[in-house]
There are 2 protein chains.
Amino acid sequence: MISLAEENYLKSIYHLSQAGSKSVLTNELAEAMNTKAASVTDMIKKLSTKEFISYEKYYGVNLTAKGKTVALSVIRKHRLWETFLVEKLAFSWDEVHEVAEQLEHIQSKRLIEKLDEYLGFPKVDPHGDPIPDTKGKIKALQQVMLATLKPGADSIIVAVKDSDSQLLKYLDKIGARPGKTIKVIEREEYDGSMEVSINNQRFFLSKEVSENILVNA
Amino acid sequence: MISLAEENYLKSIYHLSQAGSKSVLTNELAEAMNTKAASVTDMIKKLSTKEFISYEKYYGVNLTAKGKTVALSVIRKHRLWETFLVEKLAFSWDEVHEVAEQLEHIQSKRLIEKLDEYLGFPKVDPHGDPIPDTKGKIKALQQVMLATLKPGADSIIVAVKDSDSQLLKYLDKIGARPGKTIKVIEREEYDGSMEVSINNQRFFLSKEVSENILVNA
DNA sequence: ATATTATTTTAGGCTTGTCTAAAATAATAT
DNA sequence: ATATTATTTTAGACAAGCCTAAAATAATAT
Ligand SMILES: [Mn+2]
Ligand SMILES: [Mn+2]
Ligand SMILES: [Mn+2]
Ligand SMILES: [Mn+2]
């Protein structure tokens with residue numbers, strides 16, 4: 001049996017280890033989990049005993065194959081539920097993350113299989129994030145932050161960061177959705193802001209925004 | 001904030017107080033919750049402090065208006081989810097209860113409103129149980145156990161007990177579903193078993209089965 | 001009225017997941 | 001190489017929810 005807290009830690013470790021390529025450190029995890037380092041150390045020990053992670057004292061943790069499977073299963077559920085909420089219940093994409101955080105912990109293989117089928121076996125969620133298959137296989141998209149593109153570059157939005165409702169509302173307003181073409185007109189070196197065009201309309205994006213828009217490489 | 005355990009206790013107290021008209025006793029609750037009397041006493045104190053129940057030591061508990069509201073909200077969610085699982089995901093009626101026990105604890109007003117709308121504002125769940133409305137108003141059906149009917153009586157099945165998968169499979173097989181007409185042919189006094197006809201077919205039902213079929217009074 | 005039995009509560013303990021404060025270790029700067 | 005700083009771990013505590021065993025109370029039988 002795996003608890004809700006354990007699932008959330010494993011998911012978080014997975015996401016953090018995707019970002020960087022090194023071990024996930026205690027403080028990183030504490031920040032991500034909105035808790036204290038001491039609590040993280042406690043949980044790390046439990047997860048390590050259960051062989052979901054490998055742990056070297058003072059040097060952070062890494063998911064084992066077993067742990068990765070759990071993490072991907074939770075992510076699969078999260079993204080399928082988000083898709084359901086948007087496609088079937090007419091939620092907007094900025095409202096779904098919080099609810100999916102709860103729904104992802106429902107334990108029922110059958111439910112997820114049925115849901116997947118009902119949704120027509122979607123490949124990505126409403127934010128463009130790939131949905132792992134039953135076996136936890138995930139399509140590693142070729143994606144890069146919009147912030148890294150040079151002026152003149154033309155590319156297609158692949159995904160956006162999904163957990164900030166404010167950002168999503170803004171992106172929706174300017175039409176920055178997965179599938180859309182975005183062109184970098186100009187880039188200000190000193191603050192990383194840029195002018196872009198979407199749907200033949202021009203917008204100024206701060207560095208913060210352009211780092212949360214992922215485009216095809 | 002109300003915890004999952006608290007919600008389950010309140011739901012259970014509600015169901016037990018519907019059955020009998022007296023206060024709900026510690027042992028009844030322990031049995032229903034699959035736990036020990038001592039644990040029930042502990043929880044009762046918490047719920048009492050939070051004013052979800054009124055509690056007289058040694059004489060059992062009763063829901064306050066506040067507690068009843070919570071219980072009915074959980075029951076509403078449970079029954080809406082069961083309806084969703086059967087109507088949209090093609091679950092059979094004997095598979096849904098367990099999953100709904102989990103889904104009923106998802107906290108999101110918006111989700112339940114949208115789900116209700118998506119399902120077309122159903123009035124009863126797949127087992128015939130009435131779905132409380134947003135305000136917790138529930139249609140008290142005129143219903144009586146099939147077991148109490150006399151031979152010759154003709155009546156319509158209104159609901160069936162929903163938490164026993166085996167029973168539901170059996171009822172489905174013989175066609176005993178809500179809305180169907182059932183006629184009592186004969187009743188054996190000494191064991192309470194009866195012969196009935198459904199869809200012009202005859203079946204022998206044990207007392208146990210006939211107590212779990214509810215018909216219009 | 002009193003004794004026996006059944007029910008409920010209390011006492012004390014365990015696990016999970018959290019916390020703060022203190023100690024240990026690693027990283028960095030001189 | 002050593003001192004300072006930052007990070008991580010340990011120690012000890014707490015709330016929620018559960019448990020067993022013992023004590024208290026209520027119900028019932030004589
Ligand atoms: Mn999300
Ligand atoms: Mn998403
Ligand atoms: Mn049910
Ligand atoms: Mn039901």
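Note that the structure is a prediction, hence the values are computed from the model and not measured. All chains are named by letter (A, B, ...) in the order of the sequence lines, taking the proteins before the strands, and each is independently numbered beginning at 1.
Between the side chain of B:Ser21 and the backbone N or O of B:Ser17, no donor-acceptor pair lies under 3.5 Å.
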Checklist outcome for this item: Counting primed atoms, P, OP1 and OP2 as sugar-phosphate and everything else as base, the B/S/- map of nucleotides 5-17 of chain C against protein heavy atoms under 4.0 Å is --SBBB-----SB
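Applying the 4.0 Å criterion to OP1 and OP2 of D:dC19, one finds that B:Thr35 has a side-chain N or O inside that range. Of the side-chain N and O atoms in B:Lys36, none sit less than 4.0 angstrom from OP1 or OP2 of D:dC18.
Judged by a 6.0 Å distance limit and a 45° cone about the ring axis, B:Lys114 is positioned over the six-membered ring of A:Phe91.
For B:Tyr14 and B:Tyr9, the ring centers are positioned 6.0 Å apart or more.
Nucleotide C:dT4 forms a Watson-Crick or G-U wobble pair with D:dA27, both donor-acceptor distances falling under 3.5 Å. Partner assigned to D:dA15 is C:dT16, using Watson-Crick or G-U wobble distances below 3.5 angstrom.
Between A:Arg177 and A:Asp172, at least one side-chain N (NZ, or NE/NH1/NH2) sits under 4.0 Å from a carboxylate O, which counts as a salt bridge.
Counting to the nearest Å, the P atom of D:dC18 and the CG atom of B:Leu47 are 11 Å from each other.
Using modelled atom types, one finds no donor on one side chain facing an acceptor on the other under 3.5 Å when comparing B:His127 with B:His97. Side-chain N/O atoms of B:Asn62 and B:Ser23 include a donor and acceptor closer than 3.5 Å.
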